[in-house]
Enquirer: 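Here it is, the structure, as structure tokens.
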Amino acid sequence: MDILQPTMVFCFSSTQKPMSIVQFRRPRDLRSRSGIAVVPQNITHQLFDEIPLWDTFAWNNLIQTHLSNGDFRYVLSTYGQMLLRGVRPDRHTLPRVVSATRLLGDLSIGKQVHGQALKLGFSSDQYAITALIEMYGHLDSVDMAKLIFDKSPHHNLVSWTLLARLYIVQGKPSLALDLFHRMVDVGVLVDPVALATATSACGLLKSLQQGKLVHEIARRCGLEYDVLVSNSLLKMYIDCDSLKDARFVFDQMPSKDVISWTLVIRSYVRIGGFNEGLKLFRQMNLDGMKPDSLSIASILPACGRIASHKQGQEIHGYMLRNGIYSNLKVKNALMDMYVKSGAITCSSNIFAELNEKDVISWTVMIMGYSLHGRGKLGVELFHQMEKNSKTQLDDTTYAAILHACGTARMVDEGKFYFNRIRSPTMAHCALMVSLLARAGLFDEAMVFIEEHKIGKHAEVQRKLLEGCRIHRQYALGKRVVEQLCNLEPLNAENYVLLSNWYAGCGKWHMVDKLRETIRDMGLKPRKAYSWIVFRNKVHVFGTGDVSHPRSGRIYSELQRFMEEMRVQMVEPIWDFRLHDVDEERECIQTGHSELLAISFGLISSQDGPVRVTKNLRICHGSHEFAKFISKMSRREIILKDPNTFHHFSDGFCSCDDY
DNA sequence: ATAGGGTTAG
């Protein structure tokens, strides 16, 4: 094929309109006399006739306009006309035409243009070379790009950086870094973009040592505090898991932009520093930096994780008020925030209004329903997803559907989906064990564990224990706990479980012995806490806590419910055999932290749900008591524990006592 | 001409 053939270059699609040539528009040219819009070719032809043949500048201008409008085929057709009419392309023409072939993804035309560049004598032009490097790099290979680079008479900063970038895209960061150091060695003056490219290579290599070397070069060039360079350094230190260095860079930055803030906020959120993340987010606002959709998508997971319904809602409100563009990523993050902070209805409202959904949207909702005890809805949603969209499922989606089957106790469906997973992960297997154990199918669970050889994983044993707890399988439960002590001898929680088991059978000498063991090993069992947000303050309660200013009223309210319960002949439950908190066994029921938080919630507000979060699992007795309270007080209580959300309402719980 | 930040994972 020859690019000079007009048939080849005039390949307009009928739907495309020549919007881009508006600057050459003359009223009488645009419409034919009959008033019918003329076809693009005609307009273009007429326009070509208007451009003087000697005026290369005007032709370049037209090419540039097409290029920036994304009309790459017009670039080629204009270029074709130039050649056809004998207009001489200059050094401004070829780079743009080469870029157009790259963006079109057409290597063969690109090669033809390259040939013409050689013929016309532009092969050593800096701009033509960079365009060619990029074209070959994207459409052919990095090796081909390297060849152009090597053959070019002189290398400039941009061609060095471009080639390095190509190596990074190809997953070869160490080659990119080599190139950067060679460039520095031959004495090319580096700029912020070159430094940013080298820094990101270090991040990909996770090499702190290399990163610090580039940091030193940046310092020597006096570019350390350039905002692009600082941000890349920040990201590099985060990628290398050195939050300490990242924070140092951040604190030193004389001027931070929204990207700097987002980077550092996200890095705290990722390692679980939710409060620090929120603190920084507030600081960003105080510093007058307006959050955008990307920074908001980074902070929302923190709101979800600490189940701070209020803060997440405030951020959502801020977005609506300030018209912050919210794309699917942000909406997914919002949905997940509402799921994790106990407001499943808010997430399903957002979900219902989505006009496009990706795999994450579906996964968040399936998992969301399941976490809120509505596994069946989650399974239904999965069916809907398979019917309505060609979403490519991933491991997380399968984990969500297995979780939903577990919550809904849909064993056959769970097995069906498990068998569909091409290579099940440990998490998938553990979810299957959970599904079988929760359904009381212990023999089958044991066979499954045996078949998949996963008995050595504490995660799996804990799922098994969950089933034992639900179905009061105390003999099997004890064997599982002993197994856990063997698998994780340094996990205090396992000894607490064992100790509670012995306490349940009145074997107090064993309880004492275990307590000694825990102490001698220097282990510290986790303490139970519950918290509730009231008037933008977090109120935290420990077991038997009396430090709250309204403590008297909190306890008397619980006492009142307790007496009521006795009158109604409801027996309090004292079964701590498979419970994993031991301080609670020794505390009166009304001293359990979740009940203190619930009571505080009830006395400090008149209506609306009471939202409480607990760091450890709720015990059986408190669960029963909370059901009773919800009935007597006619209030909805939403309690989040590490595994699930319990919605207590009118004497029932959404978890169906599982 | 080359460039730094975002969502699920029970």
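Here is how names work: the chains are called A, B, and so on, in the same order as the sequence lines, proteins then strands, and each is numbered from 1.
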Enquirer: For dA9(B), take OP1 and OP2 only and decide whether either is under 4.0 Å from a side-chain N or O of Lys340(A).
Expert: yes

Enquirer: Below the 4.0 Å mark, does dG6(B) have OP1 or OP2 next to a side-chain nitrogen or oxygen of Arg266(A)?
Expert: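 Affirmative; the distance criterion is met.
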
Enquirer: For the pair Leu393(A) and Trp362(A), evaluate side-chain contact (heavy atoms from CB on, under 4.5 Å) and give the outcome as yes or no after the intermediate values.
Expert: CA-CA 10 Å; Leu393(A) 306 190; Trp362(A) 291 100; over 6 Å; no

Enquirer: Rounded to the Å, how far apart are Tyr136(A) OH and dT2(B) P?
Expert: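 Rounding to the nearest Å, OH of Tyr136(A) and P of dT2(B) are 19 Å apart.
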
Enquirer: Counting only side-chain heavy atoms from C-beta out, which of dT2(B), dG6(B), dA1(B) sits nearest to Ala297(A)?
Expert: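 Between dT2(B), dG6(B), dA1(B), the one nearest the side chain of Ala297(A) would be dG6(B).
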
Enquirer: Expressed in angstrom and rounded to an integer, what is the separation of Tyr398(A) atom OH from dT8(B) atom C1'?
Expert: 16 Å

Enquirer: With a non-hydrogen cut-off below 4.0 angstrom, is Val359(A) in contact with a base, only sugar-phosphate, or nothing?
Expert: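 The residue Val359(A) makes no contact with any strand.
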
Enquirer: For the base of dG6(B), is there a side-chain donor-acceptor partner from Asn327(A) under 3.5 Å away?
Expert: yes

Enquirer: Hey, is the side chain of Asp226(A) pairing donor to acceptor with the base of dA3(B) inside 3.5 Å?
Expert: no

Enquirer: Looking at dG6(B), I'd like to know if its phosphate oxygens (OP1 or OP2) sit under 4.0 Å from a side-chain N or O belonging to Arg270(A).
Expert: no

Enquirer: Tell me what Leu263(A) touches on the nucleic acid: a base, only sugar-phosphate, or nothing, going by heavy atoms under 4.0 Å.
Expert: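 Sugar-phosphate contact only.
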
Enquirer: At their closest point, which heavy atom of Ile148(A) faces which heavy atom of Leu132(A), and how far apart are they?
Expert: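 Scanning both residues, the minimum pair turns out to be CG2-CB, 4.2 Å.
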
Enquirer: Below 3.5 Å, does any donor atom in the side chain of Asp257(A) face an acceptor in the base of dG5(B), or the other way round?
Expert: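 No.
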
Enquirer: For His452(A) and Phe418(A), I'd like to know if the aromatic rings sit close, meaning centre-to-centre distance below 6.0 Å.
Expert: yes

Enquirer: Think Lys235(A) has a side-chain N or O under 4.0 angstrom from the OP1 or OP2 of dG5(B)?
Expert: yes

Enquirer: Can you pull the salt bridge (charged side-chain N to carboxylate O under 4.0 Å, His left out) pairs that have at least one residue in residues 225-239 of chain A, sequence neighbours excluded?
Expert: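 Passing the test, one end in residues 225-239 of chain A: Lys235(A)-Asp239(A).
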
